Novice: 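The structure's right below; bear with me while I get my questions together.
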There are 2 protein chains.
Amino acid sequence: MSKQPTPLTVLDAETPCCPPLAQRRVPAETAAVLAPAFKALGDPVRLQLMSMIASAEGGEACVCDLTPAFDLSGPTISHHLRTLREAGLVDAERRGTWVYYRARPGVLRQLAALLTVEPAGVA
Amino acid sequence: MSKQPTPLTVLDAETPCCPPLAQRRVPAETAAVLAPAFKALGDPVRLQLMSMIASAEGGEACVCDLTPAFDLSGPTISHHLRTLREAGLVDAERRGTWVYYRARPGVLRQLAALLTVEPAGVA
DNA sequence: TCTCTGCTTAGACGGACGTCAAGACAGGCT
DNA sequence: AGCCTGTCTTGACGTCCGTCTAAGCAGAGA
């Protein structure tokens, strides 16, 4: 959006995707990059926001639809959305009056791959 | 271990497994149950611990092997392990002198399923 | 241009988190 | 029994997080 500080090493959808957590020990640098994404999902409000955005038709959701779904002030929702944005989980775009948020499926896929566990007894 | 307070609604490996986050809006109660698990993974140290435990041969890892892998005090590692335990991600068992931690693959599978995104264009 | 609506930023406050040092407990060895 | 080793718990301290109110900015419409 307006500012793009993001000096932090953020998740990149291009990264060739992480080997499963249960297969190889996650190195410290990888953990440092991935942990913030899990942390961002570690709040009930943000988990619901992420789901509402990712499951929205057209792949995007308007803040004006997200905010009234919670008993929280507008700024608080905005803060959570910023957290998701800085974690690389969503993208924001202003179109006219409203701001739309869109999920970044590549990052979600990476996280899912990391947590994948082979169904018992696969070499 | 000795104490088993766990009054919190914790992840149960029996739960029939969550529909993908991007498919249906996660209800508030589900979010309240799952968010702590993601939060537990939202720390680089715990993410590495989880990986070391899950990828250990025999499916379990001794604290005596985990602690020296970090530049942190024993109590701090113990604290992180307790967090993982209370999030339902690992189980602990004392055998003789040492304590062994074991991953709970069912819970990991649930989290992975929640994050699963269909490969673009699946109804 | 003026104003109105929608969203974000700034500042503040209470509570939770990550870390450590010190003490307590459990089990094995002499 | 007594000590030693290994791990967990307790208490404390500084920092980060979630929330709010108030103020700022961006478009749209009159």
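Every value quoted in this text rests on a predicted model; they were computed, and no experiment measured them. Note that these values count all heavy atoms, side chains included, but never hydrogens, waters or copies made by symmetry. In what follows, every chain begins at residue 1, and chains take the letters A, B, ... in the order their sequences are listed.
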Novice: Using only side-chain N and O atoms of Lys39(B), determine if any of them is under 4.0 Å from OP1 or OP2 of dA16(C).
Specialist: no

Novice: Quick one: Trp98(A) CH2 to dG29(D) C1', roughly how many Å, whole number?
Specialist: 12 Å

Novice: Can you list every pair that meets salt bridge (Lys or Arg N to Asp or Glu O under 4.0 Å) and has a residue in residues 35-63 of chain B, with sequence neighbours left out?
Specialist: Glu60(B)-Arg95(B), Glu60(B)-Arg102(B)

Novice: Name all pairs fulfilling the salt bridge (Lys or Arg N to Asp or Glu O under 4.0 Å) condition that reach into residues 20-35 of chain A, sequence neighbours left out, sorted by first residue then second.
Specialist: none

Novice: Met50(A), Tyr100(A): one ILVMFWY side-chain cluster at the under-4.5 Å cut-off?
Specialist: no

Novice: Below 4.0 angstrom from OP1 or OP2 of dG6(C), is there any side-chain N or O of Tyr100(A)?
Specialist: no

Novice: If you measure from CG on Leu115(A) to CZ on Phe38(B), what distance do you get to the nearest 0.5 Å?
Specialist: 6.5 Å

Novice: Going from OH on Tyr101(B) to CZ on Arg85(B), what distance comes out if it is rounded to the nearest 0.5 angstrom?
Specialist: 3.5 Å

Novice: Among residues two or more places apart or on two chains, list those pairs meeting disulfide bond (SG atoms under 2.5 Å apart) that have a residue in residues 55-117 of chain B.
Specialist: Cys62(B)-Cys64(B)

Novice: Quick check on contacts: within residues 43-76 of chain A, what sits under 4.0 Å from DNA chain C by heavy-atom distance?
Specialist: Cys62(A), Val63(A), Cys64(A), Pro75(A)

Novice: What is the distance, to the nearest angstrom, from the CG atom on Leu84(B) to the P atom on dT7(D)?
Specialist: 17 Å

Novice: Which protein N or O atoms sit under 3.5 Å from an N or O of nucleotides 24-30 of chain C?
Specialist:
none

Novice: Is any side-chain nitrogen or oxygen of His80(B) closer than 4.0 Å to OP1 or OP2 of dC17(C)?
Specialist: no

Novice: Atom CD in Glu86(B), atom CG in Leu89(B): separation rounded to 0.5 Å?
Specialist: 11.5 Å

Novice: Check the distance between dG18(D)'s P and Glu86(A)'s CD and give it to me in whole angstrom.
Specialist: 12 Å

Novice: Just call it for His79(B): base, sugar-phosphate, or nothing, with non-hydrogen atoms closer than 4.0 Å on any strand.
Specialist: base

Novice: What's the separation between atom CG in Leu21(B) and atom CG in Leu47(A), rounded to the nearest 0.5 Å?
Specialist: 6.0 Å

Novice: Kindly list each side-chain donor-acceptor pair under 3.5 angstrom involving residues 72-79 of chain B, sequence neighbours excluded, with atom names and distances?
Specialist:
{"residue": "Ser73(B)", "atom": "OG", "partner": "Thr76(B)", "partner atom": "N", "Å": "3.4"}
{"residue": "Ser73(B)", "atom": "OG", "partner": "Thr76(B)", "partner atom": "OG1", "Å": "3.0"}

Novice: Calculate the interatomic distance between Ile77(B) atom CD1 and dA21(C) atom C1'; express it in whole Å.
Specialist: 16 Å

